[in-house]
Amino acid sequence: MTPEEFRQAGHALIDWIADYRDNLEQRPVRAQIKPGEIRAGFPRQAPEKATTAAQLLHDLEHKIVPGITQVQHPMHFGWFPSNASLASALGDIASAGLGTLGISWESCPAATELEEVVCGWLRQLTGLSGEWQGCIQDTASTSCLTSLLLARERASDFSQNRGGLQGQQQAMIVYTTEEAHSSVVKAALLAGFGDHNLRRVEMAPDTRAMRAASLAQLVADDIEAGFMPAAVVASAGSTGVTAFDPVADIAAITTQHGIWLHVDAAMAGSAMLLPECRHLWDGVEAADSISWNPHKWMGTILDCSLFYVRDVQHMVRVMSTNPSYLRSSVDDEVRQYRDWGIPLGRRFRALKLWYHLGIDGIDSIRARLRRDLENARWFADQVAATPDWCVLTPVALQTICIRHQPAGLEGEALDRHTLAWVSDINQSGVAFMSPSTLDGRWMVRVSIGVEATTREHVEALWKIIRQRAQSIATNSEIEYDIGI
Ligand SMILES: *Cc1c(COP(=O)(O)O)cnc(C)c1O
């Protein structure tokens with residue numbers, strides 16, 4: 001494809017995307033297709049002859065779009081808000097179009113230095129001190145894995161330079177809670193700690209926040225038993241119920257024992273753009289690493305996860321590889337982001353944050369977050385004030401966990417009822433929410449915060465929910481497919 005052909009196909013694609021975003025509300029929220037249906041629309045062998053950009057655009061519309069669950073739809077209340085900003089999409093397109101290679105400062109000085117700049121901006125915008133230095137990772141999962149590798153090497157005094165984990169006498173221990181994201185468990189396993197050395201600290205029953213006193217006791221017991229406490233992963237806004245572990249109390253324990261503290265704020269980090277929310281991660285300055293995803297509620301295009309550490313020297317010592325072909329004369333003066341994580345080749349992700357902040361502007365981003373918080377409070381108030389309905393956990397930000405509990409429905413019958421009304425709505429395509437479990441019983445998470453979602457949409461959702469749940473409760477004859 002020549003630059004001139006790119007210009008023409010690109011204009012057509014941008015026009016198409018603009019129309020697509022404009023008309024999204026007409027589409028069903030959940031993809032209305034069966035497994036394998038999209039795959040079957042494509043030949044089994046790679047095409048032998050080239051086709052045109054116009055043909056591919058046609059196929060994009062007819063073969064791909066039906067297989068998209070519309071998470072930008074204003075009636076999408078599933079999982080978490082993410083990935084919305086068209087301003088940021090422009091930056092991502094620029095990143096792809098420039099075709100840069102990010103393997104060292106020298107291979108693209110602008111990619112390295114703009115990343116330093118935007119990470120500094122976001123640090124300030126979330127109220128973090130100048131002690132922190134950041135980089136952009138693909139996801140919070142990668143950030144968490146990186147933090148546990150750093151913790152492992154600190155606790156073991158660089159076991160990687162000796163026999164690695166296989167040469168360690170003392171088992172190293174990681175602490176988190178049941179409420180932590182699945183990526184935390186995955187990171188602990190991949191970093192070699194082993195499931196036996198992963199402690200699930202007790203939580204307060206109402207908030208599901210880690211109990212610092214229980215952590216202190218477990219750490220003391222482990223030390224007594226000859227183990228080596230290595231890392232705590234605290235959730236600042238868990239995915240399930242937005243639980244905030246008490247970071248200050250936890251940090252007092254980790255600081256005392258030299259344990260690495262990683263704060264996973266993947267979802268709730270966006271809230272820290274609002275000064276009034278920052279009390280929720282009080283004490284964060286005493287952590288060792290923090291990650292949060294602008295590609296979630298803030299709306300930057302995926303993938304964009306910020307990872308901040310305080311001890312850069314330690315990180316570089318753990319992560320650095322320095323083959324001769326990557327060395328250059330300016331190595332002492334510049335940042336080499338390949339030593340801040342796992343990949344060597346890195347995308348020019350800073351561009352999408354720069355575009356996002358530059359075009360949307362922090363004021364409009366903050367106004368949108370505040371709108372969502374107000375909508376969530378309104379919704380929670382409606383649910384709490386309605387007989388037979390309950391809000392199950394404290395509403396810290398924009399996610400509300402609810403259940404319809406008509407008199408006489410309990411246990412598995414209640415589970416069937418919950419799954420029946422939520423899957424009925426989800427399958428209809430009018431709205432979408434995530435069913436989830438809390439203490440072994442089904443509930444429904446309503447996550448508010450899609451860019452296009454206004455109060456009217458939240459009001460419409462509440463009406464739909466009440467109608468469906470009540471009509472199902474009074475007509476037990478109806479069989480619902482509860483596959484979700
Ligand atoms: C979404 C989420 C993650 C995982 O994020 P990825 O960027 O998809 O890896 C981790 N922790 C929390 C609290 C989350 O909400």
Side-chain angles (χ1 to χ4, degrees), residues 69 71 76-84 88 92 122 126 134-149 174-191 198 200-201 203 207-210 231-247 250 261-272 277 280-281 284 287 289-308 341-343 346-347 349 352-353 369 372 376 393 395-401 434 436 438 445-450:
T69 292
V71 297
H76 176 253
F77 300 92
W79 306 299
F80 44 79
S82 67
N83 216 16
S88 162
D92 214 19
L122 268 305
T126 49
C135 62
I136 309 176
Q137 305 270 1
D138 55 358
T139 60
S141 302
T142 303
S143 299
C144 187
L145 174 59
T146 306
S147 76
L148 288 185
L149 295 173
V174 177
Y175 305 83
T176 190
T177 68
E178 279 294 344
E179 184 60 30
H181 192 265
S182 58
S183 59
V184 176
V185 177
K186 186 170 177 174
L189 299 185
L190 292 178
L198 183 56
R200 274 84 169 179
V201 184
M203 306 177 288
T207 59
R208 304 176 77 78
M210 184 186 287
V232 176
V233 180
S235 306
S238 66
T239 317
V241 305
T242 333
F244 281 85
D245 292 340
V247 177
I250 294 169
L261 174 56
H262 177 63
V263 175
D264 174 12
M267 169 62 199
S270 299
M272 304 311 165
C277 289
L280 290 167
W281 73 358
V284 73
S289 53
I290 303 170
S291 72
W292 72 274
N293 292 353
H295 73 228
K296 283 187 168 171
W297 192 16
M298 178 173 157
T300 309
I301 298 302
L302 223 157
D303 49 359
C304 190
S305 179
L306 291 168
F307 181 56
Y308 290 96
I342 296 162
R346 305 173 85 253
R347 302 183 66 228
R349 294 194 189 97
K352 56 191 167 190
L353 267 175
L369 299 177
D372 299 339
T393 54
V395 180
L397 294 174
Q398 43 59 260
T399 301
I400 307 103
C401 299
S434 306
S436 178
L438 183 69
R445 278 175 79 253
V446 178
S447 175
I448 293 174
V450 170

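We number each residue from 1, following the sequence as shown. Whatever order the structure lists them in is the order used to number ligands and atoms, beginning at 1. Every value quoted in this text rests on a predicted model; they were computed, and no experiment measured them.
The Ala266 neighbourhood of ligand 1 comprises atoms 2 (C), 3 (C), 10 (C), 11 (N), 12 (C), 14 (C), 15 (O), with distances under 4.0 Å to a heavy atom of that residue. Of all atoms in ligand 1, listed by their number and element, those nearer than 4.0 Å to a heavy atom of Gly237 are 13 (C). Counting atoms of ligand 1 from 1 in the listed order, those under 4.0 Å from a heavy atom of Thr139 are 6 (P), 7 (O), 9 (O). Short contacts between ligand 1 and Met267, defined as distances under 4.0 Å to a heavy atom of the residue, involve ligand atoms 15 (O). Ligand-side atoms of ligand 1 in range of His295: 7 (O), range being under 4.0 angstrom from any heavy atom.
In terms of polar-atom proximity, defined here as any N/O pair under 3.5 Å, Ser183 makes no such contact with ligand 1. Ligand 1 has a nitrogen or oxygen under 3.5 angstrom from a nitrogen or oxygen of Ala140.
The protein heavy atom nearest to atom 1 (C) of ligand 1 is Lys296 NZ, 1.3 Å. Given atom 9 (O) of ligand 1, the protein heavy atom at minimum distance is Ser141 OG, 2.5 Å. Closest to atom 11 (N) of ligand 1, if we only count protein heavy atoms, is Asp264 OD2, 2.7 Å. Among all protein heavy atoms, the one lying closest to atom 4 (C) of ligand 1 is His181 CE1, 3.3 Å.
Of the possible polar contacts, one joining the Asp245 side chain to the Ser235 backbone as a donor-acceptor pair under 3.5 Å is found.
Considering Arg346, Lys296, Arg349 as possible partners of Asp303, the one that fulfils the salt bridge (charged side-chain N to carboxylate O under 4.0 Å, His left out) test is Arg349.
With a 4.0 Å cut-off on non-hydrogen atoms, Asn293 touches ligand 1 through its side chain and not its backbone.
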